[in-house]
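Throughout, a chain's letter reflects where its sequence line sits, starting with A, and its residues are numbered from 1.
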Amino acid sequence: MIPCIVSQTPMIIYIFHFLIDYSELVFTVVDITTTVILYLSAKKTALYLWEKQKCRKWSVDVSEILLRPKSLHWLPLHVAAAYLLNPLTVATCVARSTCAFHNLLLALLMLATQHNSIMLSAVFLALASYESLYPVVLLFPVILQLAQKEVKGKLMLQNPYLLCFILEYTVVFLGCLSILLMLSYSLLYSSDFIPAVYGFILSVPDLTPNVGLFWYFFTEVFEHFRLFFICIFQLNTFIYTLPLIIVLSDHPQFLMFIQIALLAVFKSYPNLGDVAFYLALLPIWSHLSRYLRNSFLVLCLLLSCGVLFPILWHLWVFSGSANANFYYAATLAFSTAQILLISDYLYAFRRREFHLKYGTDIKTQDGRKMMVELK
Amino acid sequence: MGLLSDPQSRERVLLFLIRHNSKLCILCYALGLVWFLLLPLPPLSAPTYISENALLPGLVKREFVGGPQALSLSREFAANKALVGGLPVEWLNKTMTSLGLEVHTQTFAVDLPFPDEINERYHVRGTNVQGVVRARRAASTEALVLHVPFLPEANDQAMGLALSLAAHFRKQVYWAKDLIVLVTEHDLLGIQAWLGAYHGINLTSLGVRSSELGGYCGALQAAITLQLSSDVATSIDLQLHGPNGLLPNLDLPNLVHHLCLHAKVLCTVQELLPPQEDNAWWQSMHIMLLQALGQASTKPASEHGLFLRHRVEALGLKAINSHRQEKASLEKLGRLLEGVFRSLNNLLERFHQSFFFYLLPSLQSYVSIGNYAPCAAAILVVLFLCAVELWAKLNPEKERRTREAAASNPASIPWLSVIGSIVIAHGLGIALYLGPLVAHQRAANYFDLPEDEAVSLTALGIGVSSLSLPHRGSTPQGWIWLKLFALLELGMLLLALDLLNFPLAFMLAIPTVPAAVVSQPSHKTASIALLLVASPAVISLMGLAMKTELNPHGPTSGQLGGFIGLFLRWLQCLSQSILEHQSLGTNLYPLFTLGLFPCWLQLWHVALWKE
Amino acid sequence: MCQYCLIQVCTSRFWFNYRHVANVLSVYRSVKRLGIPDSHIIMMLADDMACNARNPRPATVFNNAHEQINVYGDDVEVDYRGYEVTVENFVRLLMGRVPPNTPRSKRLLSDERSNILIYMTGHGGDGFLKFQDSEEITNIELADAFEQMWQKKRYHEIAFIMDTCQAVSMYQKFYSPNIVAIASSQVGEDSLSHHVDSSIGVYVIDRFTYYLLEFLEKIHPASQNTMDELFRVCPKRDCISTPGQRTDLFSRDLSTVLITEFFGSVRKVELVTRVVSVPSLRDLLTTVPGKKDDINEGVTLSNVFADQLPVAQMVQKGKQKEWHPPDGFILAFWALVLLVFFKTYGMKHLTFIF
Amino acid sequence: MSGLLCASFNFIDKTNTIAPAFGFRPMGIGNETDESYLRYASLPREIVCTENLTPWKKLLPCDSKAGLATLLAGGKLFNSMYYSLGLHFRPVPMRPDDAGWSWQLTQTLTVVFDGFVRSKLTGTNGWTLSSLFGRPLDGPCPIASRSRLYVDITDIEQAPGFSLNPAGTTVTEASGMDRKYSYVLYNLLQPSTFAQVKRLNPSVNWDADWDMQSQRPWLHVERFLTGVGLHHGGISSLLHNRHPNRSLTVHHQDTLPWFLRVYSHTLTVTTAGKANPPSYVGYRPARDRERPHQLELLLTLPPATITRVDIQFERALLTWTEYPPDANHGVHICAAVVTAVLPDSDPCTGLCSENSPVSFYRPLVRDTGHLSRLYTQTLLVSLPTPDFSMPYNVVCLTCTVVAIGFGSFHNILTRSFRTRDPAQASGIVRHLANLIRRWRGVPLL
């Protein structure tokens, strides 16, 4: 494991080798492209949701929670605005974090997936996971999404078509990945970059403060527990994939969204750019807002964290009058807020599904309104 | 999570909040106020102590005997000052060299955005002189600063004392940190230039052109700014706060206070005698309020302040010569300083043991952040409660509205309707921030005013004109969104301020919070009245009035009493604060214009909301 | 193998702990006076007081305000100093589990015949002793360390002297045989400093050690004082704390044990009858040229000195071209991009993307 | 070594050792020595004190019993402005024009006394051997082959009322074109030296009004930190070339620890406001916890200018066990080394020029001029520190947050929705109610 100052992949470094001179321009362009792509993919998603809603059979009196063409019509615009006008995005762009590229790749991946082009999605997925490892987990939602079009028959594991499709796609993906790795090898004639990049991501050696949970924890944790906790935390990042697949198997879109959001919270070096990205996707699911439970609380938390981060950082690092704990507290609050947000959306989604199936107001025999709860 | 997940209990809590909201708000507000009033009393204000072991105050034998030398040097300095009619650089060079110091000079030049009428300066040219006592056996990785600001008509004795102290220190072998004797011109501008050059950065928006500095001594650990204009002193006043309410680590004032007790020199803060037994509460409250006002004004208490901004613990010592009996000679003061510097020299780590956030009811007791945070919290809670209520009021609306929204055009998506006024408010804030600097030139020529008055009048003009904007919302419920936004913004603002500069935050919160909570189109008059009281102008005016009231010396001569005088002084302060923001980076003006004013304007819109 | 070993530990850094270093050094001085050579003394000083820039009397450490004796002396040997003084090093030293490249002066060369005197001072608490103000050694760790020493036959008898706050708590957990322990203060008591030297500006010595030294000054290598007198050196009225001692682990009766068995070393001279032939210095020298010659045959060094500032080389090296990716890579890269593109949508579908 | 000299050399490890490409060329004969074996490390925190001096003296022929070494008493030496002990070990030719070679061990000790304070305290200008070292010389070391005492009177000769007694033999030596060193030599081995005086105690005196402003050396280096706060920062070096009309070529070598994340693209070299690109930049980036940054520059300093070398860095956060015990004091950054070949006219004291009779370094530089190696100040960088008392709390809190996430997702993902009649209160309430009902004999819920 050889973490150096730069722990980017050889490719991106090589590309920067050309772009470094006019980087401001590059980053602005990248962000705008991302916005456009998000717009396109959101449009596609809206259509997708609409058709899905049409072709399904609903229970009675669910009219009020159904999607409406008007809202769907304005949805892509909202998404684009939410990304481009988000102060976090602007901040990321100003800070020139390579996270912008990462977001671009994710957006491309989504677009490609929407367009059911196996090759492209595989390429972008490979690129994304080549850049920062974690997007590997997006493999499953992508497969599910594509399978809905490509595979005939029900999406059951017994279905041989599905199996061979999964196989095919995985092979393509791995192929792209290995080609990328080989390219970077041919770039350096050494494979040092693999530990340098992925080792750096997995075994968290750089403890520079960020908005995540890892840095202060691994600053303070006792030496002999370090490895154990690293395993636990990294596991925690990936562990949600399986249950999510089981529960959301026929809503790959939402699955993908939740996955991206979770990565943004639990990855080892999270940054505001990731948060901005999945916040930008929220408008797609604005029809869930009815079932959100503590949106206001989350709103306040996120806002105050946004204010507290720079201030506590300044107090700790520049005026030296506060210590690390203050900033750490802010990161804790931020993570909690995000977790609440995501779990809320998940809850709302399932609740809506439930109501779509059984109707919005379920009555008992004597006409009292039944209440719904998780059991 | 139980509360958050179980729908029933959440409903119940929400209902409870909404039902008793007004009571709760009043309760919290009152709690905050009362708590603040109780702060000077024992359980909340603990007795001070020195928490850094390494200081070892008062163990050393004081050997300074340079009293007469100090006197003669100060006389000589005064003579040369009169001769040159400014800072006698050559003389200082010669003297310091003859005393064995390593001398470096730095010339600097600053151009203020507009002439400063109070100190009569516009294009400032100056020189800083810096004499270094190299620690013999240390690798000059750390340094202490003894800073003597050059004042045209005062501070000669300070210069003499500093020089003779340096001469004494030069002979000693026990230094682990270099000692810099620093003489700066043009009070804050000079020290700003020096610190900027020393750290190779510029923290202000003004370009300071300064010559290359020599004689670097590594990291500055602590600085003492000395003001002494008489041959004897009756008391020493500690000047604590720097720009933007920064405070030195509590150990530093404690150290000096401890040594003063040791040397039997009276030591005060805010130039007020330590509280006596009878009505101790009011006296300590008085001191505390003065400190709070000082911090809230974001103006450094003395030249030491800028050290604090560069992460150097610093303290201003101002010797006062009143009619009291027991006087301290220069020699005694010199020994006091010697003690201070030897203690600082003993320090190994940087100051980090004691508090950075505190209020001083007196030098014997302090209020730590943990004890005053509750008032801030209580008052912020008021805003939060109010916001929750609004949100709850909005929620049933929201669903109906979304349905309509789907049907009708998107422009009536509820919160879109208020974006206009929000943008306008902030735009006006920016205009108010930039306006004076851009427009003062023209205004001055047009009305032929002195420029700084032109500046403040422009600001005032922009501010007032912004009140007469159309307050027309398209939707009946729009004002709720607007108010919600304003409340959140105000809350965030105050939250941020509470961390940076508590006194300022508190003084803003006291008037603005009730106004913000009350303001509604339904009861206009009350909300308008409150809002007027809470308007930035009135707040700052009140602050100024309070300051003059509490000022121990009473209103200084040459100021008109009464409201007119107050108003004129307020105008001055306005231009001053703009100037200081430009030259020293104090953030009162941007805070008021970019932060408070837009919030207030939105609330104003809310109050005058028309269908 | 040394018969009498001495470990002295001062565990506290920072200038204001001057007195702890003074304690250790004054004990060091008096035992040297009683004949223990430097090679048998292992001294750990957590910070350098003598050459600390804050010390007005450089290269000296005094243990009382009159500054008669400089306990630092001119030939002091500090074996572990500064950051080297850690719990790990101390325990390793006791157990002899030092890394192989450790010099002899940093090892405790003792066997089952050696009496060891351990003197520790620093900032203590109930059941622990702070090292360097950052880590602690607990009394249990210490007791286990002694037990291991005993098992590995690293000592015959140990005299353990401790001058910290609540020092008694440190020896309560001992369970290995042949240890006699003396501590400056009971649990819950602080052991206080004796007095200030106002010209140096610090407390110069702790009370217990001060009176211990008063006692040791009277001892000379042949004196017959016994260990139990050691327990009476510092009555409560002198050092405000009450010293404690522990003798139950010690097999012999302390009134028969001489102080000098721990605090001094009486060397036994053994007369040999046979003549030992020592090779003379000249012989050694004569062997050197021979070695030198075959060196010359081995490597032929050009008899010139290296150019100290090879500007030419550096400039030439500075001019070398910057890194450039292999052409193969570039070709492959762009080829791949185009391939992917056309594979997915040929020219005709370009419109289809947007 | 560490045992021999009581110094903590065992702290030298790969995290503070660099392999300079061009600095520190072998001082001995033989160009062919392989640079790949060359290592350079320094411990900026280490203090030199009596316990180091003592073993150093023990290496001398008759340790401190006789000869010059008797002067070296810790008390006086360590009370000086500057002192340095040196041990140099190198191969040298046996005899001139001889292929044979042998090892040479050179021990150097440099002390700078504070003349100013002495003259202030004792009101006299001048010094005697005993006033500097606390005692005069009595006799040489008997087994020494060469034992001499030089007094450099180059500048001071012109001083009014200059006097030196007892007079010794004066040696003047022209080194270079315009510079002339003159020394007074006392050869301790000559019996004549101790013939008239029992103990040799040379004393130099001059009149009060002459100030000791000797010419300052051509090359002067200053190094300092810039920036405020614990995140960004910069290290700047000022290299003064005071030579009126000759530009100097210097080699600037810097070692920075890995936890300062130095950005090589921020390296700027400016002379009088204009960029002055170095003709060679050797930069080897650090690896976390493995090796430090290594920066070597070849600079050309125009005559009579100040050249400024800036480089920016960011501070990294270490794990709480990696901090030194006095973490809030900061860490010391070891000095940069500036190597230059100065013209012989450099007005520094004879000691630093190889051509001076006291020097054992026979000409090492082929062209005229002598090698001089300047070490800058060490720097004190304060690092951002975590709260050392927090580990348990942090572990608990962070795990709690993760647990909240896990718990809530677990809830939502594993359970499914059910409808329930709100009339019947949930769980425990119902049980209580039932208890009461049973007691009252009312039908249960």
Against chain D, label F351(B) side chain, backbone, both or neither, depending on which of its atoms sit under 4.5 Å from a heavy atom there. neither

What heavy-atom pair brings L230(D) and R311(B) nearest, and what distance separates the two atoms? CD1-NH2, 3.3 Å

Take atom NE2 of H410(D) as the centre, draw a 6.0 Å sphere, and report whether it contains more than 12 heavy atoms from other residues, nucleotides or ligands. no

Taking the side chain as everything from C-beta on, heavy atoms only, tell me whether V228(D) gets closer than 4.5 Å to R309(B). no

Do T226(D) and Y198(B) touch side chain to side chain, with heavy atoms closer than 4.5 Å? no

Working to the nearest 0.5 Å, report the span between OG1 of T385(D) and CD of E349(B). 9.0 Å

Chain B shares the most heavy-atom pairs under 4.5 Å, among I47(D), L380(D), V381(D), with L380(D)

For a 4.5 angstrom cut-off between non-hydrogen side-chain atoms, does M81(D) reach R137(B)? no

Working to the nearest 0.5 angstrom, can you tell me the gap between Q221(B) CD and S382(D) OG? 8.0 Å

Validation row: N328(D), Q353(B) side chains within 4.5 angstrom (heavy atoms): no

Can a donor-acceptor pair be found, under 3.5 Å and without considering hydrogens, that links the side chain of R136(B) to the backbone of S80(D)? no

Which pair of non-hydrogen atoms, one from G215(B) and one from E222(D), has the smallest distance, and what is that distance? N-OE2, 3.0 Å

With a 4.5 angstrom heavy-atom cut-off, is it the side chain or the backbone of A327(D) that approaches chain B, or both, or neither? backbone

Look up atom OH in Y216(B) and atom CG in L225(D), then write down how far apart they are to the nearest 0.5 Å. 11.0 Å

Which bit of I201(B) comes within less than 4.5 Å of chain D, counting heavy atoms only: side chain, backbone, both or neither? side chain

Could you tell me which portion of L213(B) (side chain, backbone, both or neither) has an atom closer than 4.5 angstrom to a non-hydrogen atom of chain D? backbone

Do T141(B) and T378(D) touch side chain to side chain, with heavy atoms closer than 4.5 Å? yes

Structural part of H310(B) lying under 4.5 Å from a heavy atom of chain D: both

